Amino acid sequence: MKENESTAPADFIRDIVATDVAAKKHDGRIHTRFPPEPNGYLHIGHAKSICLNFGIAAENAGGCCNLRFDDTNPVTEEPEYVESIKADVAWLGFDWSDREYYASQYFETLYESAVGLIKRGKAFVCSLTESQIRDHRGTLTEPGSNSPDRDRAVAENLDLFGRMRAGEFEDGVYVLRAKIDMAHSNIHMRDPIIYRIRHAEHHFTGSAWCIYPMYDYAHPISDAIERITHSLCTLEFEIHRPLYDWFVNEVDLPCRPRQIEFARLNLSYTVMSKRRLLELVRDGNVSSWDDPRMPTLSGIRRRGFTPEAIRNFCRRIGVTKYDGITDIALLEHCVRDDLNKHSPRAMAVLNPLRVVIENYSEEHEENLAAINNPEDDSMGIRQVPFSRVLYIEQDDFMEDPPKKFFRLAPGREVRLRYAYYITCTGVDRDPATGQILQVRCNYDPATKGGSSPDGRKVKGTLHWVSAVHAVDAQVRLYDRLFTVEDPLADTSVSDYRELLNPNSLEIVDAAKLEPGLADAAPGARFQFERLGYFCVDRDTSPQQHIFNRTLPLRDSWAKIRSQQNGKQANDKTA
RNA sequence: UACCCCGUGGUGUAAUGGUAGCACAACAGUUUUUGGUACUGUUUGUCUAGGUUCGAGUCCUAGCGGGGUAACCA
């Protein structure tokens, strides 16, 4: 990670941390953790939390951040997710060193702490069924009522809890509950369940356990065991904080961590919850968890987004308690900003139109020097082959151009980037269909390299690829996943998936690339001049080159054109 | 109609009782061998009503609006 990246602007959490450091709380020690449950893939919302937790650790002398898998529910968790999470955190650029922990490592301590709670009369074994417990819990507006088992003798609780662990009971027969207050205004304080029986294989502990601790119990104690100083989580856990504090106070622990909540990231034109993302994958709305349209870290990685851009984005969105929705345009800006500075340029034609330079010899061909990145001289130059027959973009030619169209048209002169000025002398069309087959041009040999000795100006510059040298490729054009900013809030449809963008993927099968692109490795990123940023897909092969469009370049001509179309439509209706 | 949290331009965020600033977006322009980039400029904001204070986005009260919470999920 770069030096200038290492500090983020202050926010309310960093203020608290700074205050605690100054007050020598925890001896001035700062220790955070990123605690994913291994039951799904990480998305860009997790990146916010990762950047926050690892960022704060890095900004404070001696600060550490643990990677801790919160694996207390064996029925939903799998090693596949552990591996993908580790890969994603590492890709984002963060190093947890040897601090890779699992809540399941603490099962014995957690168990003993629960025994301690029972001995002190702070927990009891309850035989109520799931629905009875729900009924006893009361509602948001009414208090709950005590379990008939609430005053069970300590010795009996101890015996029962030991037999729960020993596997004497079926799932659901007993639970262990904290004894707090069934009339508490916070429902989470109404004798919450802290252990349940689950005869299930755990991805890490196998069949060693058949009782598993609940999040509210396991999390504060895991934090304390790791001597976490600041336990950062999202807003929906705010109401759990009194319970977090209750356990921190009631259990004898080496450290008293503080939970602080911040707003999760919401992004426009996408959905972020694991559940929705799973639906999209399962129902085939996207091809996989790493479909380049997905907001998963694996998806945006395959799309061509860089970890630098994502870190920069996370720094710029800030950290607050306001639950808003961030414009995806800011993410896109960060990606373009990074890619503009660092990705090499190349020329590629997506929708080829044949151009014949009639006064350029059929026998002749030459190499022309092209700048690899005008933003960075150190990236040097490359040679691009030029010959009599070329491809240009279909959009770059119009027989009857509107106002402000600066590209090729009959009689018009334009520049071919790094090559020559050419003037259109005519078009050849299919006599049957009238479709344009090719454009005929003359070139000016004096304009080699793309500038004229007489200083005459041309308004348009076109990218091009030499036909005989061109490499064929499939190009996948990705766009935003949804057509509206907040698909889940839209009440005009019954299912948010009706709002999926039907044009979020367009496949171009016959793109023509400059030859140097043929041996680009999977993951390699380029700017195709005048088009956008592209990267080599992981499915690419020597037989079929595949590129993904990361993002298009900003396009002010597209804006003018749509304004002109709008005006035309208005004129017609008027 | 219980409790908790949150309200600053279109969006995201600063201002820690003392000139409401930044970024993105939008719009206009300059430069340009990418209609990209860069640069310049413009538009738009403290939810409302009271109170405290020389002075309130900031503190207090009430209202209004938004979010969260009743898995043996995390």
Side-chain angles (χ1 to χ4, degrees), chain A residues 9-12 15 35-37 39-40 70-73 75-77 126 128-130 133-134 137-144 171-172 174-177 184-188 190 192-198 211-212 214-216 218-219 233-242 261 263 265 268 274 316-334 336-337 340-341 345 347 370-371 374-375 404-407 415-419 421 447 449-452 457-463 485 527-532 552-561:
Chain A
D11 53 62
F12 80 100
D15 290 347
E37 183 187 15
N39 69 344
D70 216 341
D71 56 350
T72 57
N73 184 3
V75 301
T76 59
E77 296 154 6
C126 181
L128 256 26
T129 65
E130 197 168 342
I133 287 180
R134 189 164 38 245
R137 187 149 39 216
T139 69
L140 293 175
T141 54
E142 297 156 331
D171 288 7
Y174 289 112
V175 290
L176 184 70
R177 295 226 252 165
H184 200 110
S185 61
N186 182 337
I187 285 187
H188 298 276
R190 320 239 261 231
I193 294 165
I194 61 182
Y195 265 95
R196 77 284 213 191
I197 301 170
R198 277 260 200 288
I211 57 171
Y212 291 94
M214 300 287 289
Y215 167 88
D216 282 321
H219 206 86
C233 63
T234 44
L235 251 25
E236 68 270 26
F237 293 102
E238 197 161 38
I239 200 158
H240 296 240
R241 186 169 5 115
E261 311 83 18
L265 170 65
S268 60
K274 278 183 189 172
R316 293 171 67 155
I317 56 177
V319 180
T320 66
K321 299 188 73 159
Y322 179 72
D323 184 26
I325 177 162
T326 297
D327 193 342
I328 200 169
L330 179 60
L331 210 211
E332 295 172 345
H333 166 81
C334 292
R336 287 196 182 96
D337 189 47
N340 175 52
K341 287 174 192 139
R345 313 288 123 124
M347 290 198 284
I371 293 166
E375 307 292 320
K404 293 186 182 172
F405 183 85
F406 304 146
R407 286 111 99 138
R415 170 168 40 237
L416 294 177
R417 180 98 157 137
Y418 300 127
Y421 289 8
T447 58
S451 59
S452 66
K457 300 285 182 205
V458 289
K459 200 84 162 122
T461 300
L462 273 43
H463 62 278
E485 282 190 27
Q527 184 199 98
F528 290 175
E529 294 219 24
R530 302 211 304 137
L531 295 177
L553 251 29
R554 292 182 49 146
D555 185 352
S556 57
W557 165 241
K559 213 173 288 181
I560 292 167
R561 194 174 36 188

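None of these values were measured; they are calculated from a predicted model. Convention: sequence-line order gives letters A, B, ...; per-chain numbering from 1.
- A:I211 comes within contact range of no nucleotide atom at all, as no heavy-atom separation falls under 4.0 Å.
- Syn is the conformation of B:A71, whose glycosidic angle sits no further than 90° from 0.
- Here the side chains of A:K559 and A:R554 are in contact, with some heavy-atom distance below 4.5 Å.
- Pair assignment for B:A74 gives none, since no Watson-Crick or G-U wobble pairing has each distance under 3.5 Å.
- Comparing the same atom, C1', in B:G51 and in B:G17 gives a spacing of 15 Å after rounding to whole Å.
- Put simply, CD1 on A:I133 and CG on A:L128 are 5.5 Å apart, with the number rounded to the nearest 0.5 Å.
- Nucleic acid contact class of A:T129 (heavy atoms, under 4.0 Å, all strands): base.
- Nearest-nucleotide assignment on RNA chain B puts the 5′-proximal partner with A:F12, out of A:F12 and A:I187.
- Using a 4.0 Å heavy-atom criterion, one finds that A:R407 contacts the bases of the nucleic acid, with or without backbone contacts as well.
- Nucleic acid contact for A:G324: sugar-phosphate only, since backbone atoms but no base atoms lie under 4.0 Å from a heavy atom of the residue.
- Here A:D15 lies in heavy-atom contact (under 4.0 Å) with a base.
- Look at CZ on A:R417: it is 5 Å from P on B:U34, rounded to the nearest Å.
- Comparing the P positions of B:A15 and B:C47 gives an interatomic distance of 16 Å, to the nearest angstrom.
- Side-chain nitrogen and oxygen atoms of A:R554 include at least one within less than 4.0 Å of the OP1 or OP2 phosphate oxygen of B:U37.
- Not a single donor-acceptor pair under 3.5 Å links the side chain of A:T76 to the backbone N or O of A:N39.
- Heavy atoms of A:P242 sit nowhere under 4.0 angstrom from any nucleic acid atom.
- B:A74 has no stacking from A:Y215 on its base ring, since the centres under 5.5 angstrom apart and planes within 30 degrees of parallel are not both found.
- The distance between atom CG of A:L531 and atom P of B:U37, rounded to the nearest whole Å, is 14 Å.
- Among the heavy atoms of the strands lying under 4.0 Å from A:E238 are primed sugar atoms or P, OP1, OP2 only; no base atom is included.
- Within 4.0 Å (heavy atoms only), A:S451 reaches at least one base atom of the nucleic acid.
- Using a 4.0 Å heavy-atom criterion, one finds that A:F405 contacts the bases of the nucleic acid, with or without backbone contacts as well.
- If you check every strand for non-hydrogen atoms under 4.0 Å, A:Y212 touches nothing.
- Between A:K559 and B:C27 there is a side-chain polar atom (N or O) within less than 4.0 angstrom of OP1 or OP2.
- Base pairing analysis places B:G9 opposite nothing; no Watson-Crick or G-U wobble pair with both distances below 3.5 Å involves it.
- In this structure B:U61 sits in a base pair with B:A49, meeting the Watson-Crick or G-U test at under 3.5 Å.
- Atom pair A:D327:CG and B:C24:C1' shows a separation of 7 Å (rounding to whole Å applied).
- Pairing partner, B:U33: none, since no Watson-Crick or wobble contact has both distances short of 3.5 Å.
- Nucleotides B:A25 and B:U13 are separated by 14 Å at their C1' atoms, to the nearest Å.
- In this structure a side-chain-to-backbone donor-acceptor pair under 3.5 Å is missing from A:D15 to A:A10.
- For A:R415, whose side chain is taken as the heavy atoms from C-beta onward, the closest listed nucleotide among B:C3, B:U34, B:U33 is B:U33.
- Ring-plane geometry between A:H188 and A:H240 is classed as tilted, the angle between the planes lying from 30 to 60 degrees on a 0 to 90 degree scale.
- In this structure, A:K404 places its NZ atom where only 12 or fewer heavy-atom neighbours from other residues, nucleotides or ligands lie under 6.0 Å away.
- A close approach under 4.0 Å does not occur between any side-chain nitrogen or oxygen of A:R241 and OP1 or OP2 of B:C5.
- Picking from B:A71, B:C24, B:U34 the nucleotide with the shortest atom distance to the side chain of A:T461 gives B:U34.
- Look at A:T72 and you won't find any side-chain N or O under 4.0 angstrom from OP1 or OP2 of B:C73.
- If you check the side chains of A:T461 and A:E529, you find no donor sitting under 3.5 Å from an acceptor.
- For the C1' atoms, the distance linking B:G9 with B:U46 amounts to 10 Å, nearest Å.
- The partner of B:A2 is B:U69, judged by Watson-Crick or G-U wobble contacts that both fall below 3.5 Å.
- A donor and an acceptor atom never sit less than 3.5 Å apart when one is taken from the side chain of A:H184 and the other from the base of B:A2.
- Taking the C1' atoms as reference points, B:G45 lies 16 Å from B:U58, given to the whole Å.
- Nucleotides B:C59 and B:C5 place their P atoms 14 Å apart, quoted to the nearest Å.
- Taking atom OH on A:Y195 and atom P on B:C73, their separation rounds to 14 Å, with Å as the unit.
- If you check B:A28 for Watson-Crick or wobble pairing at under 3.5 angstrom, you find it paired to B:U40.
- Between A:R198 and B:A71 there is no side-chain N or O to OP1 or OP2 distance below 4.0 Å.
- The separation of B:U40 from B:G55, taken at their C1' atoms, amounts to 36 Å, rounded to a whole angstrom.
- No engagement by A:I371 is indicated, since no non-hydrogen atom pair under 4.0 Å with the nucleic acid exists.
- Atoms OH (A:Y418) and P (B:G36) sit 15 Å apart, rounded to a whole Å.
- Remark: side-chain polar atoms of A:E77 are paired, donor with acceptor, to backbone N or O of A:N73 under 3.5 angstrom.
- At whole-Å resolution of the value, NE2 in A:H240 and P in B:C4 are 16 Å apart.
- When side chains are defined from C-beta on, A:R345 does not count as touching A:I371, because their heavy atoms never get closer than 4.5 Å.
- Side-chain atoms of A:A329 lie closest to B:A25 of the nucleotides B:C73, B:A2, B:A25.
- Remark: the A:Q527 side chain and the B:U34 base include a donor-acceptor N/O pair separated by less than 3.5 Å.
- Within the structure, a side-chain polar atom (N or O) of A:T320 is placed less than 4.0 Å from OP1 or OP2 of B:U13.
- Checking the phosphate oxygens (OP1, OP2) of B:A71, a side-chain nitrogen or oxygen of A:R137 falls inside 4.0 Å.
- The nearest heavy atom of RNA chain B to A:I317 and to A:L330 marks one nucleotide each, and the one closer to the 5' end goes with A:I317.
- Stacking is found between A:F406 and the pyrimidine-like six-membered ring of the B:G35 base under the 5.5 Å centre-distance and 30° plane-angle cut-offs.
- Put simply, the side chain of A:E485 and the base of B:G10 share no donor and acceptor less than 3.5 Å apart.
- Distance, A:Y322 OH to B:G45 C1': 13 Å, rounded to whole Å.
- Note on A:E37: only backbone sugar-phosphate atoms sit closer than 4.0 angstrom, heavy atoms only; bases stay farther off.
- Comparing the P positions of B:G65 and B:U48 gives a spacing of 15 Å, expressed to the nearest Å.
- Between A:E236 atom CD and B:C4 atom C1' there is a gap of 14 Å when expressed in whole angstrom units.
- Between A:Y215 and A:E37, every side-chain heavy-atom pair lies at or beyond the 4.5 Å cut-off.
- Residue contacts shown for A:N186 are absent, as no nucleic acid heavy atom lies under 4.0 Å away.
- Of the side-chain N and O atoms in A:H188, none sit less than 4.0 angstrom from OP1 or OP2 of B:U69.
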